[in-house]
2 protein chains.
Amino acid sequence: MTPRRSSVADGTEDQVFAALASPVRRDVLRLLREGGPQPVQELAAHFDMARPSFSEHLRVLREAGLVSERKDGRQRFYRLDAVPLAEVQDWLHPYERFWRERMAELGKVLDNLEDE
Amino acid sequence: MTPRRSSVADGTEDQVFAALASPVRRDVLRLLREGGPQPVQELAAHFDMARPSFSEHLRVLREAGLVSERKDGRQRFYRLDAVPLAEVQDWLHPYERFWRERMAELGKVLDNLEDE
DNA sequence: TTGATAGGTAGGAAAAAACCTACCTATACT
DNA sequence: AGTATAGGTAGGTTTTTTCCTACCTATCAA
């Protein structure tokens, strides 16, 4: 069975793309991907920024459906929710033949240069 | 031969993601993909916006390396430059296994529900 | 119960993005 | 030459985003 896209709490396409526009937020996603679920303090330690500002970034990611939180004692563990990124890949797909064509051309030009 | 990424006039990763954050700009890319190279007026006709505002969107796309222009008489034809989108796909790639795992789980749950 | 820690919300300043009108330049048409 | 068209830049306003300090709530530990 193929699971359906845009299930329960996913953000809109707009929210997902907007969330990815910030390098801080892309970094948070990477940290979660590389380090697994982590409490806020551990994530925040990587950024030179006041805590409430960081909370705001987490909110944007949450509302885009890209992360979710689980309370554990007084900590909140955030984890990656990658499903909305599949939507980005879907968006990307119809462009793929264009960049492939282009890169093939470039490759040919460069190969010819190397022959000389 | 495999062509190298990040060739000559591509924008930075930041510029590409920021360019994609606007629905207007994503729409422009779609129009260029579907309709091929087009003069500004033909593109602009799809948006309810003053011309200079639209020019600004084109500038952002240009500086991200996502479109390029060619002068022809007094018109400027814009065309899609999809290569920076390959960079987005590269960025996306390490997340793929996460969304696949997750969608597989979801699929299983849904299949079980249907059995009842 | 008192104090410390985790992490959020409230409210506001500063910076950036998105939009506008007015204007400029280049090409084309008569 | 004179006028129209395509599309850009200049400069300014409005809106959104990003960041801050101050404060609140919940949990843990003494």
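Chain A is the first sequence line, chain B the second, and so forth, proteins listed ahead of strands; every chain is numbered from 1. Atoms considered below: every heavy atom in the structure, side chains included; atoms not considered: hydrogens, waters and symmetry mates. Keep in mind the model is a prediction, meaning the values are calculated, not measured.
The existence of a salt bridge linking A:R79 and A:D81 is confirmed by a sub-4.0 Å separation between a basic side-chain nitrogen and an acidic carboxylate oxygen.
Looking at residues two or more places apart in sequence or on another chain, you find a ring-ring contact (aromatic ring centres under 6.0 Å, His included) between B:Y95 and B:W91. Evaluation of the ring-ring contact (aromatic ring centres under 6.0 Å, His included) rule for B:F54 yields B:F47 as partners, not counting sequence neighbours. A search for ring-ring contact (aromatic ring centres under 6.0 Å, His included) contacts involving A:F77 returns nothing, not counting sequence neighbours.
Near DNA chain C, defined here as any heavy-atom distance below 4.0 Å, the residues from residues 29-50 of chain B are B:M49, B:A50, listed numerically.
The phosphate of D:dG8 (OP1 or OP2) has a side-chain N or O of B:S55 nearer than 4.0 angstrom. For A:Y78 and C:dG8, the shortest distance from a side-chain N or O to OP1 or OP2 is below 4.0 Å. Between D:dC20 and A:S53, a contact under 4.0 Å exists linking OP1 or OP2 to a side-chain N or O.
Using a 3.5 Å distance cut-off with no hydrogens or angles, the side chains of B:Y78 and B:R62 do pair a donor with an acceptor.
The same ILVMFWY cluster, assembled from side-chain heavy atoms under 4.5 Å apart, contains both B:F98 and A:V83. Under a hydrophobic-cluster definition in which Ile, Leu, Val, Met, Phe, Trp and Tyr are linked whenever side-chain heavy atoms come within less than 4.5 Å, directly or via other members, B:V60 and B:V67 are assigned to different clusters.
Counting only distance, with no hydrogens or angles, the side chain of A:Q15 and the backbone of A:T12 share a donor-acceptor pair below 3.5 Å.
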Output one letter per nucleotide in nucleotides 23-30 of chain D: B when a protein non-hydrogen atom lies under 4.0 Å from the base, S when only the sugar-phosphate is that close, - when neither is. ---SBBS-
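Between the CG atom of B:D14 and the P atom of C:dA17 there is a distance of 11 Å, rounded to whole Å. Spacing between atom CG of B:L61 and atom C1' of C:dA18 amounts to 14 Å, rounded to whole angstrom units. Between the CZ atom of B:R59 and the P atom of C:dA17 there is a distance of 9 Å, rounded to whole Å. Taking atom CZ of residue B:F77 and atom P of nucleotide C:dT27, one finds them 15 Å apart after rounding to whole Å. Look at CZ on A:R25: it is 9 Å from C1' on D:dT18, rounded to the nearest Å. In this structure, A:H57 places its NE2 atom 13 Å from P of C:dG8, rounding to the nearest Å. For B:L58 and D:dA6, the CG to P distance is 15 Å, given to the nearest whole Å.
Heavy-atom nearest nucleotides on DNA chain D were determined for A:S22 and for B:F54, and the one closer to the 5' end corresponds to B:F54. Comparing B:V24 and A:E56 against DNA chain C, the residue whose closest nucleotide sits nearer the 5' end is A:E56.
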Side chains of residues 31-39 of chain B: which donor-acceptor pairs under 3.5 Å do they make with residues two or more places apart or in other chains?
from, atom 1, to, atom 2, distance (Å)
B:E34, OE1, B:R30, NH1, 3.1
B:Q38, NE2, B:L31, O, 3.0
B:Q38, NE2, B:G36, O, 3.0

